Amino acid sequence: NAGVMQNPRHLVRRRGQEARLRCSPMKGHSHVYWYRQLPEEGLKFMVYLQKENIIDESGMPKERFSAEFPKEGPSILRIQQVVRGDSAAYFCASSDSPSGAEQYFGPGTRLTVT
Amino acid sequence: KQEVTQIPAALSVPEGENLVLNCSFTDSAIYNLQWFRQDPGKGLTSLLLIQSSQREQTSGRLNASLDKSSGRSTLYIAASQPGDSATYLCAASGGSYIPTFGRGTSLIVHP
């Protein structure tokens, strides 16, 4: 049973470009969470999605960031017009239910904005 | 708003010592508390999950306890080994099911 998969593992973008981060949850999991980890900071929640629905996006910056989890395919975190402050590790986690469920994390995508 | 604090921020010990890592949270209305391990440049590995109705969980040399009333959880590592060197994170999940993470305890176990 494959774990949570994220790609790419490393992504370099120039300021102003778009970054697309992909997350495939564990088999059987329909709940996906995205987190951001900045250097010297803790892991911060960004968005929680179920298939085709955004459940909670309270941690998502209001501009330039969007997320989706389509019926088919991976969840996508999209960052438009990246700035240097977007450089961070982005982690995705999945669970089989929201309530009291254990979250399983992917290896992360390390985004560097030059 | 839930806040999670981990003490100490860093710990360096010789191999073989028994360790206690502390995690405190401000809102006791949690559904669960989860302990993770993160190796440098890697993702998080789940170690133990304690539901709000439970007091502790054990896995091998690891034991985690939960005291909701005092807003505390501890992770006990027995007979530490160099391979235990990593950052340990705790996360408390409340009514929104969204976990709040502490900033972690960075552990180094030297031979």
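Order of the sequence lines sets the chain letters (A, B, ...), proteins ahead of strands, with each chain counted from 1. Worth saying up front: this structure is predicted, and the values here are computed from it rather than measured.
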Counting only heavy atoms closer than 4.5 Å, note whether Gln37(A) contacts chain B via side chain, backbone, both or neither.
side chain

ILVMFWY network linking Phe101(B) to Leu48(B), side-chain heavy atoms under 4.5 angstrom:
no

Atom CD1 of Ile54(A): over 12 foreign heavy atoms under 6.0 Å
yes

Distance (rounded to the nearest 0.5 Å) between Gln34(B) CD and Glu102(A) CD:
5.0 Å

Output the distance between atom OG1 (Thr100(B)) and atom CZ (Phe45(A)), rounded to the nearest 0.5 Å.
9.5 Å

List the atom of Gly43(B), the atom of Phe91(A), and the distance in Å for their closest heavy-atom pair.
CA-CE2, 3.4 Å

Minimum heavy-atom distance between Leu44(B) and Phe105(A), given as atom pair plus value:
O-CB, 3.4 Å

Considering only heavy atoms from C-beta outward, does the side chain of Pro99(B) approach that of Gln103(A) to under 4.5 Å?
yes

Applying a strict 4.5 Å limit to non-hydrogen atoms, the region of Ile98(B) in contact with chain A is side chain

Hey, any chance Tyr88(B) and Val13(B) share a hydrophobic cluster, counting ILVMFWY side chains that come within less than 4.5 Å of each other, even indirectly?
yes

Under 6.0 Å from the CZ atom of Arg13(A), do we count more than 12 heavy atoms belonging to anything else shown?
yes

Is Tyr35(A) reachable from Val4(B) through a run of I, L, V, M, F, W or Y residues, each pair having side-chain heavy atoms under 4.5 Å apart?
no

Determine whether more than 12 heavy atoms belonging to other residues, nucleotides or ligands lie under 6.0 Å from atom CD of Gln81(B).
yes

With a 4.5 angstrom heavy-atom cut-off, which part of Tyr104(A) approaches chain B: side chain, backbone, both or neither?
neither

Going hydrophobic residue to hydrophobic residue with side-chain gaps under 4.5 angstrom, can you get from Ile30(B) over to Leu49(B)?
no

More than 12 foreign heavy atoms under 6.0 Å from CZ of Arg61(B): is that the case here?
yes

Neighbours of chain A found in residues 35-42 of chain B - heavy atoms under 4.5 Å
Phe36(B), Gln38(B), Gly41(B), Lys42(B)

Are Met60(A) and Tyr33(A) connected in a single hydrophobic cluster, I mean Ile/Leu/Val/Met/Phe/Trp/Tyr linked by side-chain heavy atoms less than 4.5 Å apart?
no

